[in-house]
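One structure is given below, encoded as structure tokens.
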Amino acid sequence: MKDQVLLLVKLQSVDLRKSQNQLEEKSLPEQLKAAEAILQKKKDAYAQLQLKTTERDKAKREKELDLKVQEEQIVKLRDRLSKLKTNDEYKANLKEIESAKTRKGELEETLLLFMEEGDLMKKEIAEREQEVTESQQTFLAEQEKINAAIMTLSEATQLIETQWQDIAMLMDKNILNQYKKLIVMRKGTAVVSLNGNICGGCHFSLPPQLVAEIKVGEKIQNCTYCSRMIYLESKVEG
């Protein structure tokens with residue numbers, strides 16, 4: 001029976017390592033997803049800035065066209081001055097010229113602001129582009145690292161599975177079947193040690209008679225409360 005208990009403890013250890021590997025394998029894609037999200041955020045910011053630049057350039061061209069129209073209008077109005085016959089017409093024409101000049105000045109000021117803003121946006125675009133490049137490199141490095149970790153874990157899981165099968169072949173079939181049911185029912189922990197008179201799984205105090213039987217070790221004993229298989233470490237070590 002001692003051999004069976006020892007095999008149970010080994011099998012439990014293998015299953016715990018398998019569970020840990022599975023948790024790590026599950027977390028790795030999430031890590032990659034997080035790294036990809038950071039990269040996408042940088043790309044989105046860069047794309048938004050490019051769109052803003054495109055819209056600004058379009059607005060700038062429209063203002064440049066308006067300025068050209070105003071300049072042409074001023075020339076036409078000035079040329080018309082010599083052809084006017086009445087004083088009222090002359091004054092009205094001068095008023096139109098001043099209005100066109102005012103509009104021209106406003107457009108020139110707006111275009112100056114567009115130029116200043118354009119210089120700042122060019123600098124920001126260069127910075128954003130650099131950020132995207134750096135994030136892309138970081139993501140690719142992280143992707144390579146995570147893919148390597150996934151491969152390593154996969155190989156380790158295969159080795160663990162082989163170890164599990166090797167141990168299972170040496171076990172009593174009834175004990176093994178009981179273990180399989182418990183490992184599912186107790187979410188990965190089917191075999192625990194006795195700590196004084198306490199179950200190492202549910203941490204409840206066990207009846208004295210059960211504690212005594214566990215210490216004798218003639219057969220596999222189960223916890224009264226959680227049904228886990230309980231062993232005495234000194235029996236296994238000895």
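Just so it is clear, the structure is predicted and the values come from calculations on it, not from any experiment. The figures here come from the full heavy-atom set of this structure, side chains too, leaving out hydrogens, waters and symmetry mates.
Hydrophobic clustering (side-chain heavy atoms under 4.5 Å, transitive across Ile, Leu, Val, Met, Phe, Trp, Tyr) keeps Leu23 apart from Trp164. Linking ILVMFWY side-chain heavy atoms closer than 4.5 Å, directly or via other members, places Leu194 and Val216 in two distinct hydrophobic clusters. No single ILVMFWY cluster, assembled from side-chain heavy atoms under 4.5 Å apart, contains both Val69 and Val75. Linking ILVMFWY residues whenever their side-chain heavy atoms come closer than 4.5 Å, directly or via other members, leaves Val211 and Ile198 in distinct clusters. A continuous path of ILVMFWY side-chain contacts below 4.5 Å connects Leu153 to Ile146, so both sit in one hydrophobic cluster.
Rounded to the nearest 0.5 Å, atoms CD1 (Ile230) and SG (Cys223) are 4.5 Å apart. For the atom pair Lys101 NZ and Leu77 CG, the distance stands at 10.5 Å (nearest 0.5 Å). Thr138 OG1 to Glu131 CD: the interatomic distance, rounded to the nearest 0.5 Å, is 11.5 Å. Here the CG-CG distance, from Leu8 to Asp15, works out to 10.5 Å after rounding to the nearest 0.5 Å. Within the model, atoms CD1 of Ile150 and CG of Leu28 stand 5.0 Å from one another, a figure rounded to the nearest 0.5 Å. A distance of 4.5 Å separates CD in Gln136 from CG in Leu140, rounded to the nearest 0.5 Å.
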Test side chain to side chain contact (heavy atoms under 4.5 Å, CB included) on Ile175 and Leu7 and set out the steps. CA-CA 10 Å; Ile175 294 175; Leu7 290 171; over 6 Å; no
Stepwise, does the side chain to side chain contact (heavy atoms under 4.5 Å, CB included) test hold for Gln130 with Glu134? CA-CA 6 Å; Gln130 180 64 26; Glu134 290 174 356; 3.0 Å; yes
Working note: Ile38 + Phe139, criterion side chain to side chain contact (heavy atoms under 4.5 Å, CB included); need CA distance, chi angles, decisive distance, verdict. CA-CA 9 Å; Ile38 292 173; Phe139 170 74; over 6 Å; no
Where do Leu11 and Leu176 land on the side chain to side chain contact (heavy atoms under 4.5 Å, CB included) test, with the steps shown first? CA-CA 10 Å; Leu11 198 61; Leu176 179 61; 3.7 Å; yes
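Side chain to side chain, Glu36 and Gln40 fail the donor-acceptor criterion of an N or O pair below 3.5 Å. Of the N and O atoms on the side chains of Gln73 and Arg103, not one donor lies less than 3.5 Å from an acceptor on the other residue.
Of all the heavy atoms in Ser227 and Asn222, the pair that sits closest is O-ND2, 2.9 Å. Annotation for Tyr225 and Cys202: closest pair CB-SG, 4.0 Å, computed over non-hydrogen atoms. Closest of all the heavy-atom pairs between Lys26 and Glu30 is O-CG, 3.8 Å. Taking every heavy atom of both residues into account, Arg128 and Leu49 meet most closely at CG-CD2, 3.6 Å. Summarising the geometry of Tyr231 relative to Ile214, their closest heavy-atom pair is C-CG2, 4.2 Å, with the distance given to 0.1 Å. Gly201 and Arg228 get closest at one heavy-atom pair: C-NH1, 3.6 Å.
Counting only heavy atoms from C-beta outward, the side chains of Lys181 and Gln178 never approach each other to under 4.5 Å. Side-chain contact between Gln12 and Met229 is absent, with no heavy atoms from C-beta onward closer than 4.5 Å. Looking at Lys219 and Gln221, their side chains come closer than 4.5 Å, going by heavy atoms from C-beta outward. Leu112 is not listed as a side-chain neighbour of Glu109, based on a closest heavy-atom distance of 4.5 Å or more. In this structure, the side chains of Lys10 and Val14 stay at 4.5 Å or more apart for every pair of heavy atoms. Counting only heavy atoms from C-beta outward, the side chains of Lys123 and Glu127 approach each other to under 4.5 Å. At least one side-chain heavy atom of Glu213 sits under 4.5 Å from a side-chain heavy atom of Leu210. Looking at heavy atoms from C-beta onward, Leu81 lies in side-chain contact with Leu94 at the 4.5 angstrom threshold.
Residues Glu124 and Lys52 are not paired through a salt bridge, judged by the lack of any N-O separation under 4.0 Å between the basic side chain and the carboxylate.
In this structure a side-chain-to-backbone donor-acceptor pair under 3.5 Å is present from Asn177 to Lys173.
Within the hydrophobic cluster formed by Ile, Leu, Val, Met, Phe, Trp and Tyr side chains joined at under 4.5 Å, directly or through other members, Leu111 is accompanied by Leu67, Leu107, Phe114.
Here the rule is side chain to side chain donor-acceptor pair (under 3.5 Å) with Glu161, and of Gln158, Gln165, Gln163 only Gln165 fits it. When each of Gln50, Gln48, Lys43 is tested with Tyr46 by the rule side chain to side chain donor-acceptor pair (under 3.5 Å), just one qualifies, namely Gln50.
Environment of CE in Met185: crowded, with over 12 heavy atoms of neighbouring residues, nucleotides or ligands closer than 6.0 Å.
Residues satisfying the salt bridge (charged side-chain N to carboxylate O under 4.0 Å, His left out) test with Glu129, not counting sequence neighbours, are none.
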